[in-house]
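To keep things clear, I will list the structure first and then write my remarks on it.
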Amino acid sequence: MSAEEASLRPERILDLSERLSIVAGQKIGEISTVNRAAKMLAINALIVAARAGEAGRGFAIVAEEFKKISTQIDEVAGALESQVRADLDELTAIGGAILSHLRGQRLADLALNAIEIIDRNLYERTCDVRWWATDSAVVDCAMAPSREAADYASQRLRVILDAYTVYLDLWICDAAGRVIASGRPDRYRGVQGASVANASWFQEALCTKSGDDFAVADIARQRLLDEAPVATYATAIREGGQARGKVIGVLGVHFDWRPQAQAIVDGVRMTDEEKSRSRVLLLDQNHRILAASDGQGVLTESFKLDTSHGTMGSYAEGDRTIGYALTPGYETYKGLGWYGCLVQRQAVDAPLPVAAERAVSNVLRLKA
């Protein structure tokens, strides 16, 4: 960071407030010191004048006036101290509020960016599944299941998986919910022949009205894929690959959630210092943790998020600032009500409450 950039940091408001309190304290203290010395001189002058009798009367009058002036200087210094304290308190409060707002807004912006990236990614998954469900090999396998048709469809799915490495597997299911072909039968041996009839994504895909529709399941660990967490998207396979054709099966695609989501929460643009005191989260509609930059609580814990500030906002909670944003969706993908969320602790070297307290303490010591 250049010297010019450093001078424009919002934190400079509190830095300058603290510096002002120190300078004001020093200068008012110096005034008080000089005035105390002047008072002592006036008192000594009065004593000498009294000893001189009539000859010292004129000198006594001057000394008495000087004493009055010193008292007035004390009153001015006291008023200045009181005003400086009030102004610095207000400046610190305003600076703290501005700084807190800027920090919170930045965290909310970063949270929005994170959720937008994942939504754009998942939008592509909805396009993929609807497109691949019209592939002739997929349609033929669902239309007339046979060993040859299943083998050919599996080869076709394997080609797709080799090109689209974000997927763990692709499944062709018949109308009864039995997986009749998959893209990685050698890797996931229990898939082919398994029943997914009770899976929500299968049931919803089977009921889609046209080839333009799709179903999606919450992020979950898939037993048949070695308990890997997946985002499953599905749509109906239709006779002839036509958008309004008769439903003859379901294509399910399993997005490899963990590495893709981790890359997003790890890739939020912050300095290394900021990352060391920040936690980036992706939360579902119930605030269950879907991804976390620290890897903690994923799919097992929920985060207590206060969304009373609207679809996008920030708030302070102890020594933490929390910024969040609700998914805006992307193109035809409306999103699932997920949130991007950033939790950031205040910097250890200059936490906001301590800086404010220090500024006020300096004012209180003005005449010490």
For a side-chain contact (heavy atoms from CB on, under 4.5 Å) check, start with the C-alpha distance between V268 and L342, then their side-chain angles and the critical distance, and finish with the verdict. CA-CA 10 Å; V268 171; L342 269 83; 4.2 Å; yes
One should read off an interatomic distance between W338 CH2 and H287 NE2, to the nearest 0.5 angstrom, of 13.5 Å
For Y123, is the OH atom crowded, meaning more than 12 foreign heavy atoms sit under 6.0 Å from it? yes
To check you understand the geometry: which heavy-atom pair defines the closest contact between L224 and A194, and what is its length? CD1-CB, 3.8 Å
Scanning both residues in full, the closest heavy-atom pair of F202 with A176 reads CZ-C, 4.0 Å
Using the rule that Ile, Leu, Val, Met, Phe, Trp and Tyr join whenever any side-chain heavy atoms are under 4.5 Å apart, tell me whether L225 and L170 fall into a single cluster. no
Indicate, with yes or no, if the rings of Y167 and W132 have centres closer together than 6.0 Å. yes
Here the gap from I219 atom CD1 to I289 atom CD1, rounded to the nearest 0.5 Å, amounts to 14.0 Å
ILVMFWY network linking L102 to L110, side-chain heavy atoms under 4.5 angstrom: no
Paired with S278, the side-chain contact (heavy atoms from CB on, under 4.5 Å) test is passed by just one of Q344, R345, R320, namely Q344
In the structure I gave you, are the side-chain heavy atoms of Y324 and T307 within less than 4.5 Å of one another anywhere? yes
Can you give me the closest heavy-atom contact between A261 and L282, atom names plus distance? CB-CD1, 4.4 Å
Do V216 and E204 touch side chain to side chain, with heavy atoms closer than 4.5 Å? no
Joint hydrophobic cluster, W131 plus V250, side-chain heavy atoms closer than 4.5 Å: no
As an exercise, state the distance from CG of D226 to CG of L168, rounded to the nearest 0.5 Å. 9.0 Å
Quick one: does D169's side chain have a donor or acceptor within less than 3.5 Å of a partner on R184's backbone? yes
Are V138 and I180 connected in a single hydrophobic cluster, I mean Ile/Leu/Val/Met/Phe/Trp/Tyr linked by side-chain heavy atoms less than 4.5 Å apart? yes
Q192-S154 side chain donor-acceptor pair, cut-off 3.5 Å: yes
Quick one: does any side-chain atom of Q203 pair with a main-chain N or O of S200 as donor and acceptor, under 3.5 Å? no
Any side-chain heavy atom of V343 sitting closer than 4.5 Å to one from L107? no
Within the distance-only criterion (no hydrogens, no angle test), does the side chain of Y315 pair as donor or acceptor with the backbone N or O of D306 below 3.5 angstrom? yes
Donor-acceptor pair, R189 side chain versus P185 backbone, under 3.5 Å? no
Should we count CE of M143 as having more than 12 external heavy atoms under 6.0 Å? no
How long is the straight-line distance from OG of S293 back to CG of L281, given to the nearest 0.5 Å? 6.5 Å
Within 6.0 Å of CZ in R258, more than 12 heavy atoms from elsewhere: no
Closer than 3.5 angstrom, by distance alone: can the side chain of W257 be matched with the main-chain N or O of L290 as a donor-acceptor pair? yes
Step by step, would you call Q105 with S314 a side-chain contact (heavy atoms from CB on, under 4.5 Å)? CA-CA 7 Å; Q105 185 60 53; S314 65; 5.8 Å; no
Considering all heavy atoms, the nearest G183-L157 contact: CA-CB, 3.7 Å
Counting only N and O atoms by type, is there a donor-acceptor contact under 3.5 Å from the side chain of R130 to the main-chain atoms of T126? yes
Name the atoms and distances for all side-chain donor-acceptor pairs under 3.5 Å in residues 231-246, with sequence neighbours left out.
from	atom 1	to	atom 2	distance (Å)
T232	OG1	H254	ND1	2.8
Y233	OH	Y333	OH	2.9
T235	OG1	D213	O	2.7
R238	NH1	G245	O	3.1
R238	NH2	T208	O	2.7
R238	NH2	T208	OG1	3.2
Q242	NE2	G240	O	3.3

What closest approach, in Å, do L206 and A175 show between heavy atoms, and which atom pair accounts for it? CD2-O, 3.8 Å
Which residue pairs pass the salt bridge (Lys or Arg N to Asp or Glu O under 4.0 Å) test with at least one member in residues 286-304, sequence neighbours excluded? R279-D294, D284-R288
Salt bridge (charged side-chain N to carboxylate O under 4.0 Å, His left out) between D272 and K275, intermediate numbers included: CA-CA 5 Å; D272 290 340; K275 286 184 178 181; 5.1 Å; no
Please determine whether side-chain contact (heavy atoms from CB on, under 4.5 Å) holds for the pair D128 and V253, giving the CA-CA distance in whole Å, both sets of side-chain angles, and the decisive distance to 0.1 Å. CA-CA 9 Å; D128 291 344; V253 301; 5.7 Å; no
Looking at every heavy atom in both A153 and A137, which two are closest together, and how far apart are they? CB-O, 3.8 Å
If two hydrophobic side chains count as joined below 4.5 Å and joins carry through other members, does V166 share a cluster with Y188? no
I'd like to know if the side chain of Q346 and the backbone of G318 have a donor-acceptor N/O pair within less than 3.5 Å. no
Audit row: C341, F303, side-chain contact (heavy atoms from CB on, under 4.5 Å) steps and yes/no: CA-CA 10 Å; C341 178; F303 180 79; 3.9 Å; yes
Do V179 and V191 have side-chain heavy atoms sitting under 4.5 Å apart? yes
Nearest-0.5 Å distance, CD1 of residue I172 to CZ of residue R178: 12.0 Å
Scan for salt bridge (Lys or Arg N to Asp or Glu O under 4.0 Å) pairs involving residues 135-164, sequence neighbours excluded, and state none if there are none. D135-R156
The reported gap from CZ in R106 to OG1 in T321 (rounded to nearest 0.5 angstrom) is 12.0 Å
Working note: F214 + W201, criterion ring pair (Phe, Tyr, Trp, His ring centres under 6.0 Å); need CA distance, chi angles, decisive distance, verdict. CA-CA 9 Å; F214 63 90; W201 56 266; over 10 Å; no
pair C141-Y152: side-chain heavy atoms closer than 4.5 Å: no
Criterion salt bridge (charged side-chain N to carboxylate O under 4.0 Å, His left out) on E273 and R277, from CA distance to verdict: CA-CA 7 Å; E273 187 278 330; R277 53 188 175 88; 2.7 Å; yes
